J.: 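Take this structure, written in structure tokens, and hold onto it; I'll ask about it next.
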Amino acid sequence: MTRKINLITQKNNERNDFKMNITSTEKKNISVKEVARIMGKHEQFVRIGLQNGTLPFGVAEKLPGSSRYSYHISPKLFFEYIGTEGLQT
């Protein structure tokens, strides 16, 4: 029982740390993984939305000579898009 309580407490602390880190205006980029977690969506949803331009908070650039993409997600545009009520804990 004590271990279960400790794990719950640890997860809550990690969520709070995550929210504090992700809302920092010092960050220049947010990862696809972080955005998907905040939005409650799958990472592929974010990737495809950036590739086809339906998500207005970042860009996806196809790397030359490759089928892979590089992603840039602006923290400012992302948080304007979801609003503060969009943050999931």
Side-chain angles (χ1 to χ4, degrees):
M1 182 70 161
T2 302
R3 177 152 170 74
K4 185 176 182 179
I5 291 170
N6 288 341
L7 287 175
I8 291 170
T9 302
Q10 180 181 358
K11 282 189 175 191
N12 287 336
N13 289 339
E14 288 173 2
R15 286 181 184 152
N16 290 337
D17 290 345
F18 175 76
K19 281 172 71 174
M20 285 174 32
N21 288 337
I22 197 69
T23 57
S24 169
T25 57
E26 295 175 8
K27 285 188 100 171
K28 304 275 190 244
N29 191 38
I30 303 177
S31 73
V32 168
K33 184 175 185 174
E34 290 172 319
V35 167
R37 185 181 330 175
I38 292 169
M39 291 181 72
K41 299 290 186 184
H42 194 278
E43 291 176 33
Q44 195 64 7
F45 171 88
V46 176
R47 287 187 196 103
I48 291 171
L50 292 171
Q51 288 171 17
N52 65 24
T54 57
L55 295 177
F57 48 76
V59 294
E61 291 291 328
K62 193 167 186 182
L63 300 173
S66 175
S67 61
R68 298 188 70 172
Y69 283 81
S70 177
Y71 300 92
H72 170 75
I73 299 169
S74 164
K76 180 180 183 291
L77 294 176
F78 175 65
F79 286 109
E80 286 174 2
Y81 177 78
I82 64 165
T84 55
E85 67 278 355
L87 287 175
Q88 294 184 356
T89 56

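In this text, all values refer to a predicted model and were calculated from it rather than measured experimentally.
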J.: For the atom pair NZ (Lys41) and CG (Leu55), what is the distance rounded to the nearest 0.5 Å?
T.: 10.0 Å

J.: Is it the case that one hydrophobic cluster holds both Val59 and Val32, taking links as side-chain heavy atoms less than 4.5 Å apart, direct or via other members?
T.: no

J.: Which atom pairs, one a donor and one an acceptor, fall under 3.5 Å between side chains of residues 68-81 and the rest of the protein, sequence neighbours left out?
T.:
unit_1, atom_1, unit_2, atom_2, d
Tyr71, OH, Gln51, NE2, 2.6
His72, ND1, Asn29, OD1, 3.2
Ser74, OG, Lys76, N, 3.4
Ser74, OG, Leu77, N, 3.2
Lys76, NZ, Glu80, OE2, 2.8

J.: I need the full list of salt bridge (charged side-chain N to carboxylate O under 4.0 Å, His left out) pairs touching residues 42-60, with sequence neighbours left out, sorted by first then second residue.
T.: Glu43-Arg47

J.: With salt bridge (charged side-chain N to carboxylate O under 4.0 Å, His left out) as the rule and sequence neighbours excluded, what pairs involving residues 53-64 come up?
T.: none

